[in-house]
Structures are given as C-alpha cells and as structure tokens.
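Here, residue 1 is the first one in the sequence, and each next residue gets the next number.
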Amino acid sequence: MVTRMNDKKDPANRWRNPWHVDPEHSEHLSHSLLLGNKLREKITDGWALGTFLIELPTPSTLTAMAFAGFDFVVLDMEHSPFGFSTLQTLITAGHAAGLPVLVRTWGQDTGLIGKVLDMGANGIMAPHVATPERARAIVEQTRFKPVGDRGFSPLMKYDSLSEPFEQLGEGTYVVVQIEGKDALKQVEDIAAVPGLDAIFVGPYDLALSLGVPPGSPEVARAAEQLAATLPKHLSLGIYIDDPATCADWAARRFALQCVSFDGRMLSDGARRLTGLARRGFKPEDGGN
C-alpha cells in the first residue's frame, strides 16, 4: 500500500480550489470521488471483496452488487462491449450505491486513463503489464506531480474538493495486472515503481501464457511465489472463481479479490433457481 501519493511540500499540491463549494452542499459528491480511500482501508484491514461488471452494463446491476455486499466493483472495458458513453452512467450508479469504482482499461493509448479518472472513477486496473516501463507509464497517467504527470481540468465536480490535487492523489487506487510469464520474470522491478497500490494476478491469461489449462496448480504456485517475493507494503490481488477459496487466498496475502462477474452470477443463479423449481416435479406431473 502506498500511503502518500503527493509531496505536500510541492506548492502545486497545496493549491486550494477557489471554486470550492461549502461541504453542506457538496459532501456527497466529494465522498464519492474519494471512495478509493475506503477501498484502501478495507484492503489494509485484510480483505476487500469485489467483482467485475462485464456483460450486464446497467445501473441496476451495480445496485444489485451493492445490495449483495460487495466492497467494490471493476468496470471491465477490456472484455465488454460498452464504451465511454455508458461508462459515465455506470460510474455514477456505482457511487450512488456507495461502491468504490475501478475501471479496467484497454490498450496503451496516452490519455485514456486520464479520461476515465476525469469521469470520476476511483482507480484504474491496468491489464497485461509486463515491464516496469509500462507500469511507470500507468503511474504517469494516474498520479499528479511529483510522482506522475496526470493532467487536471477544473471540472465542476472537483468544486466539491478543497485541495483536489492532494485529495485525488490520495483517493485514486492504482492496480496493475500480472498476466504472463514475461511479467513474472520482471515482477519485482514492476512492483518497485513508485505510485502503485496493488499487483493483481489474472489467472486465466497467466495460465495461457504458462501453457497450462486454467485452474492448474502451476498458476497457484506462480501466485504464491509472487506473494513470497514482493514487499509487504504492496497489496496483492487475484481473480477467483470459487468463493469458498477467498479466505485461503486472503491468508496468502491476496486481500484485493475479484470474485466471479455479473454474467456468471446471473447464469449460476438462474440455473440454481430452475433446478430448485423442477426438483419437486415427477415426469408424470408435467415437469421436464
């Protein structure tokens, strides 16, 4: 975990927003923009339970996730069909439900991450980070000077913050994903890049890179070796299919957990419902 993102001695970070609105009228918005702090606190306490939104990109899905008790959600732009026109609505819906919202971006276009953060996302999950140079490029886009080179526009939403550079610097959660064998070879150098909050293992792509089926013991061993190697101040995360293994992974330092995703949960729940509904029928009763 990175405890301080900006140097308070830097004059730019001490800038007070002249358009700051009285907290009586802006407290809810400022709280939503800084939910990354809430996520960081959960992880520091030992466990944050999240999930991915991929196939069902609607505000109602985010409400359901909040009602289910998830601690955060990742809006996945890498594997989903939704774009920027939908993203803003989803971020707002997540905040309305009290969820810290991370966005998994795609590609390496300069400016993409900054655009997502200006929409109000509480952090970034960057996929396929295989080199320290790529990790540094991500930090450049997510952190203000002196740690990075994130740009700033005095958008109306930031009128809710008295010191936006410092507050957003502290409230933005930055995750990079390790998803290949080449990344494993450089993971210590990746983890040494200042400004990162967490390293997140993507087990499916990692399995493909290692040449083994998903769920193979080789993937778990690689994750365990990573946990034994990396410094304790850096948080670790992983995607999990089976929720029964969450406590075990948390005990192995993987406190940032994404369990399942929206489409899988709907499919599993629907199958369970129809199975239970049909259980009481006998073939002669007309059941299938």
Nearest atoms (heavy-atom pairs only) where E163 meets R14: OE2-O, 3.8 Å
Separation of L226 CG from R253 CZ (nearest 0.5 Å): 8.0 Å
Working for side-chain contact (heavy atoms from CB on, under 4.5 Å), residues H79 and R104: CA-CA 9 Å; H79 295 295; R104 178 153 72 172; 3.3 Å; yes
4.5 Å side-chain heavy-atom contact, L62 and L75: yes
Min side-chain heavy-atom separation E179-S209 under 4.5 Å: no
Residues, nucleotides or ligands: over 12 heavy atoms within 6.0 Å of E224 CD: yes
ILVMFWY network linking V116 to L35, side-chain heavy atoms under 4.5 angstrom: no
4.5 Å side-chain heavy-atom contact, V21 and S160: no
Between CD on residue E140 and CZ on residue R143, distance to nearest 0.5 Å: 12.0 Å
Check: T131 main-chain N/O paired with Q186 side-chain donor or acceptor under 3.5 Å: no
G263 backbone acceptor or donor facing S267 side chain under 3.5 Å: no
Connected via hydrophobic side-chain network under 4.5 Å: L112 and V174: yes
Ion pair R272/D268, N-O distance below 4.0 Å: no
Nearest atoms (heavy-atom pairs only) where I124 meets L102: N-CD2, 4.3 Å
E188 CD to T229 OG1 distance, which is reported to the nearest 0.5 Å: 5.5 Å
M265 and T51, any side-chain heavy atoms less than 4.5 Å apart: yes
Single-linkage hydrophobic cluster L234~V147, side-chain heavy atoms < 4.5 angstrom: yes
Backbone N/O of T172 and side chain of R40: donor-acceptor pair under 3.5 Å: yes
For the student: nearest non-hydrogen atoms of A126 and I138, plus distance: CB-CD1, 3.3 Å
Any T105 side-chain heavy atom under 4.5 Å of P127 side chain: yes
Worked check of side-chain contact (heavy atoms from CB on, under 4.5 Å) between V139 and V176: CA-CA 10 Å; V139 171; V176 296; over 6 Å; no
Cationic tip of K42 above F72 ring, under 6.0 Å, 45° of axis: no
Approximate separation, where rounding is to 0.5 Å, of I190 CD1 and K185 NZ: 12.5 Å
Criterion side-chain contact (heavy atoms from CB on, under 4.5 Å) on Q225 and L184, from CA distance to verdict: CA-CA 9 Å; Q225 184 177 0; L184 290 175; over 6 Å; no
Student check: side-chain heavy atoms of Y204 and D241 closer than 4.5 Å: yes
CD on E27 to CG on D22, rounded to 0.5 Å: 10.0 Å
Connected-component partners of L276 among ILVMFWY, side-chain separation under 4.5 Å: none
Shared hydrophobic cluster, L208 / V219 (ILVMFWY, side-chain heavy atoms < 4.5 Å): no
Heavy-atom pair of closest approach, residues I178 and V129: CD1-O, 3.6 Å
Between T58 and T61: side-chain donor-acceptor atoms closer than 3.5 Å: yes
Any donor-acceptor pair under 3.5 Å from Q167 side chain to S162 backbone: yes
Shortest non-hydrogen separation from G151 to F144 and the atoms involved: O-CE2, 3.6 Å
pair Y173-N122: side-chain heavy atoms closer than 4.5 Å: no
Spatial distance of atom CG (D71) from atom SG (C258) [nearest 0.5 Å]: 10.5 Å
Positive for ring pair (Phe, Tyr, Trp, His ring centres under 6.0 Å) with Y158, one of F152, W19, W15, F165: F152
Parallel, tilted or perpendicular: rings of F52 and F200 (30°, 60°): perpendicular
Exceeds 12 heavy-atom contacts within 6.0 angstrom, atom CD of E218: yes
Verdict with supporting geometry, K38 and D45, salt bridge (charged side-chain N to carboxylate O under 4.0 Å, His left out): CA-CA 11 Å; K38 177 182 176 182; D45 289 342; over 6 Å; no
Short side-chain to backbone donor-acceptor contact, D197 and V175, under 3.5 Å: no
Check ion pair D189-R134 (N to O, under 4.0 angstrom): no
For K157 against L33, the heavy-atom pair lying closest together: O-CD1, 3.6 Å
Among V259, I240, L256, the one residue meeting side chain to side chain contact (heavy atoms under 4.5 Å, CB included) with W249: I240
Close side-chain approach of L90 to V103, heavy-atom, < 4.5 Å: no
